[in-house]
Engineer: 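I'd like to ask some things about the structure below.
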Amino acid sequence: MLEEVIEALNPKTGGIYVDATTGVGGHSEHILELIGPQGKLIGIDKDSESLRFTEQRLSEKGIVLKRGNFSEMETILAQEGIHQVHGILFDLGVSMLQLKNFERGFSFLSQERLDMRMDKSQALSAWEIVNTYPEKRLREILREYGEERRSKSIVKAIVRRRKTLPIDTCSELTKLIERIYVRRGRTHPATKTFQALRIEVNKELEQLREGLDASVRLLKTGGRLCVISYHSLEDRIVKRFMVDKARLGILKVITKKPRTPGAREVRNNPSSRSAKLRAAEKI
C-alpha cells in the first residue's frame with residue numbers, strides 16, 4: 001500500500017518523520033526521497049536483523065536507525081534531540097524477512113523451534129507459552145488474540161501432548177492443530193493460533209496502545225499519523241483511538257473508512273489482502 005501510505009502521510013521536503021516499524025525499509029526509502037537531504041527520518045524497529053538489513057540499504061540516504069519498541073518512541077527521539085515531528089507511520093504485523101526466515105519460528109510452515117520473538121534478547125518465547133502457560137490462560141489467548149473458535153479443543157490437545165512430550169517446533173504445533181480441523185477453508189487452520197501466540201509473545205496490543213498515545217504527544221499541529229493493521233483486533237484499537245481523539249478535538253480523521261489494497265497489489269502480494277490503512281491529522 002505504498003501509494004496510499006505516501007498520500008496519507010504526505011511527507012514534505014525538510015520534514016521530520018518517524019517510521020515506527022521500519023522492517024526492511026520499504027516505506028522508509030520512499031519517505032527519504034520525498035523529504036530530501038534537509039529532512040530527517042528516524043526508523044525504529046526492535047528486530048536487530050531487520051535493522052542490519054535496512055542499514056545496508058539506506059544508511060547512505062540519511063536514515064537514522066534506532067533499535068527499540070515504538071512504545072518507547074518519545075525516549076528514542078529525545079536521544080536525538082527531537083520532541084516534535086511532522087508524521088509517524090506504523091506498519092504493524094510481521095515482516096516478510098521474519099516470516100521467510102524459518103529459524104525465527106514465526107511460521108506454521110517452519111520446522112524450527114517455536115520462538116516468534118521480534119526482539120531476540122527478550123526471555124519469553126512461543127515455546128514457553130505453549131509448554132508452560134496454564135490451560136485457562138492459553139484458551140484466553142487463542143480466543144481473544146486469535147479469535148479462534150476452536151480454542152478449547154486446540155488447548156486441550158496442547159495440554160494433553162505436553163504432559164508426555166514438549167511441543168518444540170512450529171511444525172509439531174501445526175500438525176496438532178490440523179488434526180482438529182476436519183474441513184479447511186482458504187486460511188490455514190493454524191493461522192489464528194500462531195497469530196495469537198505472536199501477539200502474546202511480543203505484547204503487541206499493549207505496545208500499540210502506548211505507541212499511539214506517544215504519537216499524539218509527538219506530532220506537530222498538522223502532523224499526520226498513519227497506521228496499517230492486519231487483523232481486526234489491531235484495527236479496532238486504531239479506529240477507537242482515532243475516533244476518541246477526534247471527539248476531544250485532538251485529531252481529525254482523514255480516512256472515514258480504512259483504505260485497503262487494490263486487486264493488483266493483492267495478486268502480487270497476497271499477504272497484503274488483510275491490510276487496512278487509517279490516517280489522522282493533529283489539530
Side-chain angles (χ1 to χ4, degrees), residues 5 9 11 15-33 35 39-107 112-129 197-219 225-230 234:
V5 165
L9 189 63
I16 303 172
Y17 292 86
V18 178
D19 188 343
T21 48
T22 305
V24 296
H27 291 117
S28 291
E29 184 172 15
H30 289 270
I31 294 169
L32 285 166
E33 291 174 0
I35 65 177
K40 192 163 190 176
L41 175 63
I42 296 86
I44 300 172
D45 208 290
K46 52 186 176 181
D47 187 337
S48 56
E49 289 185 10
S50 294
L51 287 176
R52 282 196 296 271
F53 182 86
T54 304
E55 184 176 22
Q56 292 172 356
R57 292 184 59 235
L58 301 179
S59 59
E60 293 183 0
K61 296 188 177 183
I63 191 170
V64 177
L65 293 173
K66 293 289 185 177
R67 183 169 175 268
N69 194 289
F70 52 61
S71 61
E72 308 162 334
M73 200 186 318
E74 288 171 291
T75 301
I76 291 170
L77 295 182
Q79 292 169 354
E80 294 293 309
I82 297 171
H83 301 283
Q84 283 197 306
V85 300
H86 297 93
I88 299 171
L89 169 64
F90 294 84
D91 186 356
L92 307 173
V94 186
S95 75
M96 292 309 295
L97 185 67
Q98 292 165 333
L99 280 176
K100 289 181 178 179
N101 183 354
F102 282 179
E103 292 181 0
R104 298 294 300 274
F106 279 97
S107 174
E112 300 293 333
R113 183 179 174 88
L114 281 163
D115 194 327
M116 304 191 195
R117 293 173 297 168
M118 292 183 181
D119 178 357
K120 293 202 292 185
S121 68
Q122 77 175 40
L124 182 66
S125 73
W127 189 96
E128 279 77 24
I129 294 170
L197 292 172
R198 193 200 75 223
I199 289 172
E200 172 66 11
V201 168
N202 299 289
K203 307 300 180 189
E204 292 178 26
L205 301 186
E206 297 95 323
Q207 292 176 358
L208 173 58
R209 293 184 181 95
E210 293 174 13
L212 291 172
D213 284 335
S215 68
V216 169
R217 293 190 291 268
L218 286 165
L219 282 173
L225 168 64
C226 299
V227 186
I228 306 173
S229 61
Y230 294 88
E234 292 173 337

Engineer: Any chance CD of Q79 has more than 12 other-residue heavy atoms, nucleotides or ligands included, within less than 6.0 Å?
Structural biologist: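 For Q79, atom CD is crowded (more than 12 foreign heavy atoms under 6.0 Å).
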
Engineer: Using a 4.5 Å cut-off on heavy atoms from C-beta on, say whether the side chain of E210 contacts that of N69.
Structural biologist: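 No, their side chains stay 4.5 Å or more apart.
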
Engineer: Strictly distance-based, threshold 3.5 Å: is any side-chain N or O of E234 a donor or acceptor partner for the main-chain N or O of Y230?
Structural biologist: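 Looks like yes, one N/O pair under 3.5 Å.
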
Engineer: If every non-hydrogen atom of M73 is compared with every non-hydrogen atom of A20, which pair is closest and at what distance?
Structural biologist: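 For M73 and A20, the tightest heavy-atom pair comes out as CE-CB, 4.4 Å.
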
Engineer: Find out whether M116 and E200 are in side-chain contact, i.e. whether some heavy atom of one side chain is under 4.5 Å from a heavy atom of the other.
Structural biologist: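 A side-chain contact under 4.5 Å is absent here.
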
Engineer: Decide yes or no for M118 and R198: does some side-chain heavy atom of the first lie under 4.5 Å from some side-chain heavy atom of the second?
Structural biologist: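 Yes, at least one pair of side-chain atoms sits under 4.5 Å.
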
Engineer: With L65, which residues qualify under side-chain contact (heavy atoms from CB on, under 4.5 Å), at least two apart?
Structural biologist: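 T22, L51, T54, E55, I63.
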
Engineer: When you compare the side chain of V201 with that of F106, does any pair of heavy atoms fall below 4.5 Å?
Structural biologist: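 No - every pair of side-chain heavy atoms lies 4.5 Å or more apart.
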
Engineer: Going by distance alone, is a donor N or O of one side chain under 3.5 Å from an acceptor N or O of the other, for K46 and Q207?
Structural biologist: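 A donor-acceptor contact under 3.5 Å links the two side chains.
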
Engineer: Answer whether the closest heavy-atom distance between the side chains of F70 and T21 falls below 4.5 Å.
Structural biologist: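 SC-SC contact between F70 and T21 confirmed.
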
Engineer: Mind checking whether R104 and K120 have side chains closer than 4.5 Å, heavy atoms only?
Structural biologist: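 Yes, their side chains come closer than 4.5 Å.
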
Engineer: Do D19 and S28 meet the criterion of a side-chain donor-acceptor pair at a distance under 3.5 Å?
Structural biologist: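 Note: D19 and S28 side chains meet the donor-acceptor criterion.
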
Engineer: Can you name the one residue among D47, D45, D119 that meets side-chain hydrogen bond (donor to acceptor under 3.5 Å, both in side chains) with R67?
Structural biologist: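 Exactly one option meets the side-chain hydrogen bond (donor to acceptor under 3.5 Å, both in side chains) with R67, and it is D119.
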
